[in-house]
There are 2 protein chains.
Amino acid sequence: MAKRAISKAGRGAESTRAAILNAAFMEFYHNGFQGGSLNKIVESAGTTKGALFHHFPNGKQELGYAVVDEIIGPILQQRWLESLVGSKDPITDLKRAFRQYVKEDIESGNYVQGCPLNNMAQEMSPLDEGFRKRIDKLYCLWRKTYADAFAAGVKAGKVKKSVEPASVAALIVASQMGIWGTGKSSRSLELMTQAGEAVCSYLDSLRP
Amino acid sequence: MAKRAISKAGRGAESTRAAILNAAFMEFYHNGFQGGSLNKIVESAGTTKGALFHHFPNGKQELGYAVVDEIIGPILQQRWLESLVGSKDPITDLKRAFRQYVKEDIESGNYVQGCPLNNMAQEMSPLDEGFRKRIDKLYCLWRKTYADAFAAGVKAGKVKKSVEPASVAALIVASQMGIWGTGKSSRSLELMTQAGEAVCSYLDSLRP
DNA sequence: TTGACAACATACCGACTGGTCTGTATTGTA
DNA sequence: TACAATACAGACCAGTCGGTATGTTGTCAA
């Protein structure tokens, strides 16, 4: 059998797909899924509807699913999960991550757009079961990674034994959703850092 | 000068406005502001575009603003603020409110649609400054009410003196946004109650 | 009784939406 | 070299959108 990925008519089949995917992510990130326009997407990707419906035959929905799976998922992985897997001291690592990313998103101005995953979740979860399942899968992974880290922290004596890893993980993830959501409507870096620091002091209260 | 509110041609001027407003709230609550359709709104309100643009000359935007100010604001007031103003023991009162409303929203099924204010905030804050300001005003009031209650709790000896009321308030409100957001994509009552209980145990850690 | 005006209803508009269809150039394969 | 398949481009489509213009009806002050 021939290698599919290399076959390319026109020029750069896989790169065209990637361009559409990235443009779609940006469009949906800024205007929402329902508000996002396929015309704008193909325009900013430098291609046409023909290409879009060639790579995503089921149109907008399939494109949205692909954005969640292939763009947002990996972002979550690298941003919040990678630094936690295998951690023996989740409190220290989480505090560092919180402070770093709050600072980063404020400086880049990205905080006004919020968290891409949360945006999709709030808008599309109630409207489309396919979206909901994909999004839920990511949030489950997110919570599980945190919970595993807390369980490891308990074993390593860095977290007090009375904490329920799953409960704490659920609260931390929820807090993150809320803090980044707060930034969107308040546009206040003080408020985001304030809430972030409150999480940090909560985390400190979980020390043995 | 004549009383304006009583003058009514057709039948029930003010009640027509209210019907449109309520229909708009439901439509936006279920489909988002951008996804919500004016045609659907007037249909389910049992009226027409003429009436809508008579009462809201600036169209969809003005209608959206009115939904935030006249529907969502009062809901927030009655649901989360009324029980906290003048409270001397915010920890007890907040825990009760959390448990009550988690239970209530699960039983009614409303939890799949999330918090109306948060929905609007996530979708519209980055896109429209008028929305953002109105929404921010409500969140500020929300946090301030909590912060005042915590300050009173400190004075009354029901909350330990080391807590920063403003920080704790910011975190609690953010957590609420996150918990109700979690419910939307997970559809898991266990997860919502679990996160809710984690908040309760966090609140307990703020006792003197 | 008679305007004047509020309170609608209805028909209609251009813009834009997601989506399809057909044509065409490029490519690997036989 | 012939052929089929891939990878697009661009025209086109029906439907829906928010919004407007005009018409009609009920109410009230004069």
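Here is the naming used below: chain letters follow the sequence lines, and residue numbers restart at 1 for every chain.
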Any [X] side-chain nitrogen or oxygen under 4.0 Å from OP1 or OP2 of [N]:
X: B:His54; N: C:dC8; value: no
X: B:His55; N: C:dC8; value: yes
X: A:Thr48; N: D:dC8; value: no
X: B:Thr47; N: C:dC8; value: no
X: B:Thr16; N: C:dA7; value: no
X: A:Asn39; N: C:dT17; value: yes

Q.
By the ring-ring contact (aromatic ring centres under 6.0 Å, His included) test, which pairs, at least two apart or in different chains, include something from residues 171-203 of chain A?
A. A:Trp80-A:Trp180, A:Tyr202-B:Tyr202
Q: Would you mind classifying the nucleic acid contact of B:Gly35 as base, sugar-phosphate or nothing, using non-hydrogen atoms under 4.0 angstrom?
A: nothing
(Q) What contact category does A:Gly59 fall into here, base, sugar-phosphate, or nothing, at under 4.0 angstrom with non-hydrogen atoms? (A)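 A:Gly59: backbone/sugar contact only, no base atoms under 4.0 Å.
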Please state how far atom [atom1] in [X] lies from atom [atom2] in [N], giving the value in whole angstrom units.
X: B:Lys60; N: D:dT16; atom1: NZ; atom2: P; value: 15 Å
X: A:Leu52; N: C:dT17; atom1: CG; atom2: C1'; value: 13 Å
X: B:Glu43; N: D:dG18; atom1: CD; atom2: P; value: 13 Å
X: A:Ile20; N: D:dC8; atom1: CD1; atom2: C1'; value: 9 Å
X: B:Lys40; N: D:dG15; atom1: NZ; atom2: P; value: 15 Å
X: B:Leu63; N: D:dC17; atom1: CG; atom2: C1'; value: 15 Å
X: B:Phe56; N: D:dT20; atom1: CZ; atom2: C1'; value: 18 Å
X: A:Phe53; N: C:dG23; atom1: CZ; atom2: P; value: 20 Å

Who passes ring pair (Phe, Tyr, Trp, His ring centres under 6.0 Å) against [X], sequence neighbours left out?
X: B:Phe56; value: none
X: B:Phe150; value: none
X: A:Phe28; value: A:Phe33

Q) How sharply is the helix from C:dT1-D:dA30 to C:dA30-D:dT1 bent, taking the axes over five pairs at either end and rounding to 10 degrees? A) 0°
Q) Do A:Lys40 and A:Asn31 have side-chain atoms, one donor and one acceptor, less than 3.5 Å apart? A) no
Q) Between the side-chain atoms of A:Lys49 and the base atoms of D:dG10, is any donor-acceptor pair under 3.5 Å? A) no
**Q.** From C:dT17, C:dG19, C:dA9, nucleotide with atom closest to A:Leu38 side chain
**A.**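 When the side chain of A:Leu38 is considered, C:dG19 is the closest of C:dT17, C:dG19, C:dA9.
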(Q) If the condition is side chain to side chain donor-acceptor pair (under 3.5 Å), which residues does B:Arg187 pass it with, not counting sequence neighbours? (A)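 For B:Arg187 there are no side chain to side chain donor-acceptor pair (under 3.5 Å) partners, ignoring immediate neighbours.
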**Q.** Spacing of OG1 belonging to A:Thr145 relative to CD belonging to A:Gln77, to within rounding of 0.5 Å
**A.** 7.0 Å
**Q.** Which residue lies more 5' along DNA chain C, comparing B:Ala51 with A:Phe33 via nearest heavy atoms
**A.**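 The residue whose closest nucleotide sits nearer the 5' end is B:Ala51.
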Q. Do the ring planes of A:Trp142 and A:Tyr146 sit parallel (below 30°), tilted (30 to 60°) or perpendicular (above 60°)?
A.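 A:Trp142 and A:Tyr146: perpendicular rings.
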